[in-house]
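Predicted model, so just to flag it, every value in this text is computed and none were measured.
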Amino acid sequence: MSKRRKRAQKTFLNVPVVDAGAKGKSVAKTEDGEVIFLTDAVPGDVVNIQTFKKKRSFYEGRVTEFISKSDRRTTPVCKHFSVCGGCKWQHMKYEDQLHFKQKEVVENLTRIGHLELPSVTPILGSAKQYHYRNKMEFSFSANRWLTLEEINSDKEIQDKKALGFHIPGMWDKILHLDECHLHPAIGEKIRLSVHAFAKAENLSYYDPRERTGLLRTLMLRMASTGENMVVIQFFQEDEAKRIALLEHLKLQFPEITSLQYIINEKANDTIYDQDVICYHGEDHIWEEMEGLKFKINAKSFYQTNSEQAYELYKITRDFASLKGDELVYDLYTGTGTIAQFVAKKAKHVVGVEAVEVAIKDAQENAQVNNIENTTFYAGDMKNVFTQQFIEENGAPDLVITDPPRDGMHKDVVAQLLNLQAPKIVYVSCNSATQARDLALLDQHYKIDKIQPVDMFPQTHHVENVVLLTLKS
C-alpha cells in the first residue's frame, strides 16, 4: 500500500455529524478539529468513520457504524437510495432539508461575498416533495451496475440489461431502476413498459465500451397540461425493431402526444446536433403558466419543476414591482419564460441568450401568446451586452439576470456596474457564484430582499432570488 493511501486511511470513533456540506455531503468534526465529509450521514448522527481520501484541510470518508442516529432522519422512500445518488437527501426530513438549504444561501452570501444582508425571507418549500420533475433522461446499458451482494454471490448473473441512471462518477455504469419517485406516474409506467417490451423482444442495449447495441437513451417530458413526450435514442437503425417498440408505445399509451426517435451513431449521446424524427403525434408538447403557452420540443430548455417554477417567476415579478412604463433587460433569458411572464407589466422586455435555438423558441412562444413588447437576441452574453447594445435598445429601468451555475462573466458584471440600472433582480441556481457576483456589484448596489426557493426536494440544490437597488 502506498504512503499516500495510508495517510488517507484513518479511523475516527464517536464523531458527531455537525452540518450539511456542499454537493449533498454531510460534515463530521472530531474533538481535535479534524473535518470529514461523508455521503451517508445526517447532521445529528454520531458515527464511526473510515476515511479514504485526504485533502489539505479535510478528509473524505464513509460511515462504518452508527453510534446514535439523528432525529433529523427519515426513512428513504426509494429502494435505490443508497446507490443511485440522484436524491442524496431522501434520508433527511423535508423541513430539515429546507433549513440547511437556507443556511447554505446565507453562509455563501456572508462568507464568500462578505455581504451585509437584510432579513432573509424563509425559504419557499415545494408543495410536491416527490413526482415533481417534468423531464427525465434514462440510459440503456448491456452491462448494468452489480450490487456488492451480487458480486459476492456464487450465482451467475444472467440478466445484465439496465435502464436507469449513471452511477455517480462512472460514465459506463448504469444502475437499473425498478422504481423512481422523481417523475409523475405516467413516466414510471412508460419507462417500465419500455424495459419489459425490450427484454421480451430481445432488443439489444447499448454498450459504450464496445459501441454496440440498439437502445441508447430514453427521454420523457411530461407537461402540466397532460401532454407527454417520449424520445428514444437508437445507436443504429434497425427499422423492424425500432417500429415494433414505437408501435408498442403508441398503442399502449394514448397519453403520449409526441413520440419521437433519434438515430445517433456518434460516441456521445448528446442530442443537440442530432435530427429528432417524429413518429407519432406532434414534434412538441405545450406547457402553460398563468395563461401563457410555452412550446417545448426535444431540445428545449424548460424548468424541470413546473409548479415551483411558477412560484419562482412570481417572486421574480414581485421583486421587480413593475408599474407598466419600464424597459426591462432579461439576461440569460433561455426560452424567454421570465421575459414573457413579466412583459404584461412592462413597457418592453429585451431578452439575451447564448443558445440560438432557445431564442427561436422564445420568439415563437411570444408570437403564440400575442406578446408584442419583447425583443430577443442570440449571442454570447459578454459579446452582446455592450455599450453599443445599450445605446441601440435603451437604458433599462430594471435588469433581470438568471445565469447558469458558473454565474455571470466578469465583463457582464462590469457592464452592469457601468450601466447602473435602478434595480437588478438576480435569480441564481448557485448561491456561491451569486455571492461572488454580488460582491462585485456591491460597489454600486445594496441588497434589499433575499428569497431562497426549493426547486428540487430530496437534493441539495437551491435557487435564490435577490433584489438589488442602487446605493444612494
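- Aromatic pair Phe52/Tyr59: centroids not less than 6.0 angstrom apart.
- Sorted pairs that involve residues 161-170 and meet salt bridge (charged side-chain N to carboxylate O under 4.0 Å, His left out), not counting sequence neighbours, are lacking altogether.
- Residue Glu116 places its CD atom among 12 or fewer non-hydrogen atoms of other residues, nucleotides or ligands, all under 6.0 Å distant.
- Electrostatic pairing of Glu311 and Lys314 counts as a salt bridge here, judged by a charged N lying under 4.0 Å from a carboxylate O.
- By the 4.0 Å N-to-carboxylate-O rule, Glu255 lies too far from Lys189 to be salt-bridged with it.
- When the side-chain contact (heavy atoms from CB on, under 4.5 Å) test is applied to Asp207, the partners found at least two apart in sequence or on another chain are Ala142, Asn143, Arg209, Glu210, Thr212.
- Side-chain rings of Phe138 and His183 approach one another, their centers coming within less than 6.0 Å.
- A search for salt bridge (Lys or Arg N to Asp or Glu O under 4.0 Å) contacts involving Lys382 returns Asp380, not counting sequence neighbours.
- With salt bridges taken as basic N to acidic carboxylate O contacts below 4.0 Å, none links Lys69 and Asp45.
- No salt bridge links Arg73 with Asp71; every basic N to acidic carboxylate O contact stays at or beyond 4.0 Å.
- Remark: His80 engages no residue in a ring-ring contact (aromatic ring centres under 6.0 Å, His included) (not counting sequence neighbours).
- Sorted by first and then second residue, the pairs that involve residues 288-307 and meet salt bridge (charged side-chain N to carboxylate O under 4.0 Å, His left out), not counting sequence neighbours, are Lys128-Glu307, Glu290-Arg317, Glu290-Lys344, Lys295-Glu364.
- With sequence neighbours excluded, no residue forms a side-chain hydrogen bond (donor to acceptor under 3.5 Å, both in side chains) with Asp397.
- Side-chain atoms of Asn464 and Gln451 include no donor-acceptor pair closer than 3.5 Å.
- By the salt bridge (Lys or Arg N to Asp or Glu O under 4.0 Å) test, Lys199 pairs with Asp159, sequence neighbours left out.
- Among residues two or more places apart in sequence or in another chain, the ring-ring contact (aromatic ring centres under 6.0 Å, His included) test is passed with Tyr332 by none.
- Identified under the salt bridge (charged side-chain N to carboxylate O under 4.0 Å, His left out) test for residues 459-472, with sequence neighbours left out: Asp442-Lys471.
- Thr335 and Asp361 share no donor-acceptor pair across their side chains, judged by distance under 3.5 Å alone.
- The ring-ring contact (aromatic ring centres under 6.0 Å, His included) test applied to Phe100 returns no partner, not counting sequence neighbours.
- For His91 and Trp89, the ring centers are positioned 6.0 Å apart or more.
- In this structure, Gln97 contributes its side chain and Met92 its backbone to a donor-acceptor pair below 3.5 Å.
- For residues 399-414, there are no salt bridge (charged side-chain N to carboxylate O under 4.0 Å, His left out) pairs, not counting sequence neighbours.
- Within the structure, the side-chain hydrogen bond (donor to acceptor under 3.5 Å, both in side chains) test picks out the following pairs touching residues 14-23 (sequence neighbours left out): Asp19-Lys103.
- Between Tyr206 and Phe140, the distance separating the two ring centers is not shorter than 6.0 angstrom.
- Remark: Arg62 does not engage Asp40 in a salt bridge, criterion side-chain N to carboxylate O under 4.0 Å.
- In this pair, Tyr329 and Phe385 present their aromatic rings perpendicular. The plane angle is above 60°, beyond the 30 to 60° band.
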